[in-house]
Amino acid sequence: MKTFSYSVGEGDQTVDAVAVVTDNGTIITLGTREHSHFGATAIAVPRGPHNDGTPAEASVSVYTNTGHMDDIPAHELAGRVGTAIWEGTVVNVGLHMDHASVDDIVNMMDNARACCDLIIEDVKKVRGKE
């Protein structure tokens with residue numbers, strides 16, 4: 001296993017991430033510094049290519065912890081990474097900011113996407129798929 005750590009953003013909108021690259025898949029946890037937590041977990045499994053010409057992508061399933069709204073980011077980020085690296089991917093998301101504005105949420109998601117892009121690069125290097 002190889003473990004990587006990431007941090008993108010500033011202040012309350014900083015997203016920290018840890019990725020564990022195993023022999024046959026990648027496990028990722030993303031959270032904000034204010035209150036990291038288990039909000040939702042998504043599992044992405046590659047599927048395709050499709051006979052109808054639609055692009056191959058990862059199929060994503062999500063479990064959301066009661067009372068949390070991290071299911072949409074978990075689904076998006078797992079699909080993003082799982083499709084890009086084409087292997088089983090588990091993503092746990094716990095993004096939180098008290099009294100977050102729409103702009104705060106957009107910035108947190110941009111930071112989470114940036115973390116995932118860095119993870120994709122590192123996984124591809126580990127797998128020799130640069």
Nearest 0.5 Å please: distance from the [atom1] atom of [X] over to the [atom2] atom of [Y].
X: Asp16; Y: Thr29; atom1: CG; atom2: OG1; result: 11.5 Å
X: His37; Y: Asn92; atom1: NE2; atom2: CG; result: 8.5 Å
X: Asp110; Y: Ile105; atom1: CG; atom2: CD1; result: 12.0 Å
X: Cys116; Y: Leu77; atom1: SG; atom2: CG; result: 4.5 Å
X: Arg80; Y: Ile85; atom1: CZ; atom2: CD1; result: 13.0 Å
X: Ile120; Y: Arg113; atom1: CD1; atom2: CZ; result: 12.0 Å

If every non-hydrogen atom of [X] is compared with every non-hydrogen atom of [Y], which pair is closest and at what distance?
X: Ser5; Y: Val18; value: OG-CG2, 4.2 Å
X: Ala17; Y: Ile119; value: CB-CD1, 4.3 Å
X: Gly39; Y: Asp70; value: CA-OD2, 3.1 Å
X: Ala58; Y: Gly79; value: CB-O, 4.4 Å
X: Thr14; Y: Ser7; value: CG2-OG, 3.4 Å
X: Ala114; Y: Val8; value: CB-CG1, 3.8 Å

ILVMFWY network linking [X] to [Y], side-chain heavy atoms under 4.5 angstrom:
X: Tyr6; Y: Ile27; value: no
X: Met109; Y: Ile28; value: yes
X: Trp86; Y: Val60; value: no

Exercise for review: Begin with the C-alpha distance, continue with both residues' side-chain angles, and end with the deciding distance and a verdict on side-chain contact (heavy atoms from CB on, under 4.5 Å) for Val20 and Lys2.
Suggested key: CA-CA 6 Å; Val20 178; Lys2 293 191 183 281; over 6 Å; no
Review point. Which other residues belong to the hydrophobic cluster containing Tyr63, where Ile, Leu, Val, Met, Phe, Trp and Tyr are joined when side-chain heavy atoms lie under 4.5 Å apart, directly or via other members?
Key: Phe38
**Study point:** ring pair (Phe, Tyr, Trp, His ring centres under 6.0 Å) contacts touching residues 96-120 (sequence neighbours left out)
**Key:**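 Checked against ring pair (Phe, Tyr, Trp, His ring centres under 6.0 Å) - neighbours excluded - the pairs reaching residues 96-120 are His35-His96.
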Review point. Quick one: do the Asp104 and Gln13 side chains pair a donor with an acceptor below 3.5 Å?
Key: yes
Revision key, fill the gap. Arg127 meets the side-chain contact (heavy atoms from CB on, under 4.5 Å) criterion, sequence neighbours left out, with Val21, Thr26, Glu87, Val123, Lys129
Check your understanding: Only one of Thr22, Ile43, Val81 forms a side chain to side chain contact (heavy atoms under 4.5 Å, CB included) with Val90, so which one is it?
Key ->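 Only one option passes, and that is Ile43.
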Practice item. Might you work through the side-chain contact (heavy atoms from CB on, under 4.5 Å) test for Val91 and Thr41, ending with a clear yes or no? Key: CA-CA 6 Å; Val91 176; Thr41 297; over 6 Å; no
